[in-house]
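First the structure, in the form of structure tokens, and then the observations on it.
What you are looking at is a predicted structure, and each value in this text was computed from that prediction instead of being measured. Counting from 1, the numbers follow the sequence of the chain as shown.
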Amino acid sequence: MAKPVNRGKEWDFYLRALSVNVRDTSSANDPASDPSLLHAVKKLYEICKAEKSEDLIARVYPHINKLFQRSVASLSQSQTSNGLLLLTILQFFLDFGEVVLHDADPSLRTFFRSCLSREFADAIVAEATLNFLNVNKKKLLTSFPTLLPQFFPLLLKLIAWNGEKLEESFLKVFPGMMSPGSFLPLLSSLVDLPILVVALEKVERSSGPLIGSSIASIQKSSAPEMLLALMDEAYTGSTIEDREGDSESEDSNSIAVSDSLFLDLLKDENDGLAERHRTSPGMAAALQAEVNTTRSERLKQALNITPRLLDMYFAIALRDVNNSLICALIPLLMSRIPTIFPDKVFSYEVQKRLLEFMLAAFQRSPDFIALLKKPIIDKLGEAYDSPAKMELALQLCWAIGEHGGGGGSHKDAARELFENLELLLYENLSSSRPGLSHEPALGSGGAASRKSLQARLLCFVVTAIAKLATYHRELLPRARVSLAKVARSQNLDTRVWRRARDYLRLMNEPAICLSVLGPSGGSLQNPGTVNWKDGSSKMIAHIPFYILSGQEGPPFHDFTFSDILPSR
């Protein structure tokens, strides 16, 4: 079928305009300065798409490819945004690359490194980039699966700087950023999204507008020095902080030395460098200063967006990620719980999600508790350092007891965890209370607050000891000794010693004890265990009659399962 005459004339006009621009040396330093150029490229792309003619595609490709190279080369001197032009050319490469034998992967990476790293703060370019990634999501994930995971730090800058108006588009792209290589560092970057906003705003205040700023070049120059600093620390004992005075870049847009704490956050690529800034006193002071000042609208939006991003991250993790990566994530997660942007509501929302995921991971794979006994024991020992560490220790105590210290095949790990629970218990029973030496870190509530925190911790510890000994019966004698000491103590909260006494009585009835304190799931079947799901059709010996103690009237033994099983 012959082309319409007007389409042919339109094609010749736009191809001639593109050809003239490519040959025009006056625009060589800034091709995007000609506003008609973007329109011409769009029209040529649309014609190629409509006509599906390999001949037309082959004719326009050399001009578009050359224009792409010239635009990229002019970025450092350009006064005009090149983002929209380069995205249009990239769309041509993706759709027609097979026809002209063009591998789009180098072009895509060039766009991220050379253009988006300079123009992510441009709201129009940011929105167009996310739209481009969404339109081509299937092709990118299939043909270039490492692209988005490699550049996730740069993509996070889009949402950090441009806020909630891009959230919907960003959430559609987000799953593509997760891969085995990005899974672990992505968690910390998500938790630190508000700190990224603080870092970017500090750069803007010290170095001017971010559009066109060469933050990427600063990162490239600092990464080797940070790696060398880590090696120095390993062999000589010096620290990164000792080298801060040498880390300033010679780039015209360099960040002030006082902002070097934020360099790791400002990177554009997933480079795998160790994260050191989060625990430094300088970072803590800088963030506290931000909390005490009026927060920007951009920071407020980041505080709202982060929990929603974490929800998606954890949902994908539980659905798609293998156990090896989940197990590796848990220690990182535990280390991040106390190092979150110091906003009360934000800290609560993020910590809640981190703890819920940790417990969900233990529920799915209880043997993680045995595999991770060393970091778990370390965190139990830090319970009094801060409220966040206290909450983490409480949840770990619950998980240890609920899942039997990793299960029946991990008796050695269970014994070691049991011994550390004993140690934590005895520390609090002793008159010197060494566990409470860090009392000021937990707040200024005085003696009443201290006693309440101690009682809450001990309730969890006592329960974990009882449950662990019920699962691993060889620990029962030691558990009885520990609980007896608690029951005899006159200095503890009533709730604690009452719970210890209840557990001691329960242990005198092994079948009932296993029904109450035994594992909630799994294949462990022993006399006295009620298989609740079969309760309506199958009787099991040694039903725990204490469940019926709330019934009115005299004791009786003639009952049905409907008396103790909840009605549906």
Side-chain angles (χ1 to χ4, degrees), residues 187-188 190-195 198 275 277-292 295 303-304 306-307 310 314 330-360 362 372 375-402 420-421 423-425 427-429 432-464 492-493 495-496 499:
L187 173 71
S188 286
L190 291 177
V191 172
D192 287 337
L193 190 65
I195 308 179
V198 172
E275 300 162 356
H277 63 279
R278 296 174 180 87
T279 56
S280 69
M283 174 62 78
L287 294 181
Q288 195 58 51
E290 290 293 330
V291 171
N292 295 334
R295 299 174 195 177
L303 294 172
N304 293 331
T306 300
L310 287 171
F314 289 135
I330 293 175
L332 175 62
L333 178 151
M334 292 191 293
S335 69
R336 289 313 320 269
I337 285 176
T339 57
I340 297 174
F341 186 83
D343 174 86
K344 186 175 293 185
V345 175
F346 175 77
S347 295
Y348 169 78
E349 292 294 336
V350 172
Q351 288 171 8
K352 181 179 75 169
R353 285 161 172 80
L354 298 182
L355 291 171
E356 286 176 350
F357 173 77
M358 181 184 72
L359 295 179
F362 287 149
L372 299 172
I376 289 175
I377 290 171
D378 290 343
K379 296 306 174 184
L380 291 178
E382 299 171 1
Y384 286 98
D385 287 357
S386 70
K389 291 184 178 181
M390 168 70 80
E391 191 61 36
L392 173 59
L394 294 175
Q395 300 302 327
L396 289 173
C397 286
W398 183 91
I400 291 169
E402 180 68 12
N420 279 272
L421 291 171
L423 178 62
L424 191 56
L425 179 67
E427 282 181 345
N428 283 272
L429 291 179
S432 60
R433 302 287 198 279
L436 299 178
S437 59
H438 301 292
E439 172 192 335
L442 292 173
S444 56
S449 174
R450 181 197 68 187
K451 197 164 185 179
S452 176
L453 288 168
Q454 183 194 32
R456 187 163 178 249
L457 176 65
L458 285 178
C459 283
F460 276 75
V461 172
V462 165
T463 301
L492 294 177
D493 188 282
R495 293 168 294 176
V496 180
R499 181 166 297 194

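Atoms CG and OG1, on L421 and T463 in that order, are 11.0 Å from each other to the nearest 0.5 Å. Atom OG of residue S335 and atom CG of residue D378 lie 11.5 Å apart, to the nearest 0.5 angstrom. For the atom pair CG of L424 and CD1 of I377, the computed distance is 11.5 Å after rounding to the nearest 0.5 Å. With rounding to the nearest 0.5 Å, the separation of CZ in R336 from CG in L190 is 10.5 Å. From N420, atom CG reaches atom CD1 of I376 across 10.5 Å, with rounding to the nearest 0.5 Å. For the atom pair L453 CG and M390 CE, the distance stands at 5.0 Å (nearest 0.5 Å).
With contacts defined as side-chain heavy-atom distances shorter than 4.5 Å, the pair V350/F341 does not qualify. Here the side chains of L458 and D493 are not in contact, with every heavy-atom distance at 4.5 Å or above. The shortest side-chain heavy-atom distance between V496 and Q454 does not fall under the 4.5 Å cut-off. Looking at M334 and L396, their side chains come closer than 4.5 Å, going by heavy atoms from C-beta outward. With a 4.5 Å cut-off on side-chain heavy atoms, L354 and L187 count as touching. Between L303 and R295, the closest side-chain pair of non-hydrogen atoms falls below 4.5 Å.
Checking side-chain atoms of R495 against main-chain N and O of C459 turns up no donor-acceptor pair under 3.5 Å. No donor-acceptor pair under 3.5 Å is formed between the side chain of S347 and the backbone N or O of K344.
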Check your understanding: Are L310 and E349 close enough, and set up right, to give a side chain to side chain contact (heavy atoms under 4.5 Å, CB included), and what steps lead you there?
Key -> CA-CA 10 Å; L310 287 171; E349 292 294 336; over 6 Å; no
Review point. Given K379 and E382, is the salt bridge (Lys or Arg N to Asp or Glu O under 4.0 Å) satisfied, shown in steps?
Key: CA-CA 5 Å; K379 296 306 174 184; E382 299 171 1; 3.6 Å; yes
Practice item. Output, in order, the C-alpha distance, side-chain angles, deciding distance and verdict of side chain to side chain contact (heavy atoms under 4.5 Å, CB included) for F362 and I330. Key: CA-CA 9 Å; F362 287 149; I330 293 175; 3.9 Å; yes
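In this pair, F357 and F314 present their aromatic rings parallel. The plane angle is below 30°, not in the 30 to 60° band.
Closest heavy-atom contact between V461 and C397: CG2-SG, 3.9 Å. The nearest pair of heavy atoms linking F460 to L394 is CD2-O, 3.2 Å. Contact between T306 and P194 at its shortest, heavy atoms only, is OG1-CD, 3.6 Å. Among all heavy-atom pairs drawn from I337 and Q351, the shortest one is O-NE2, 3.3 Å.
Salt-bridge check for E391 with R456: passed, with a basic side-chain N closer than 4.0 Å to an acidic carboxylate O.
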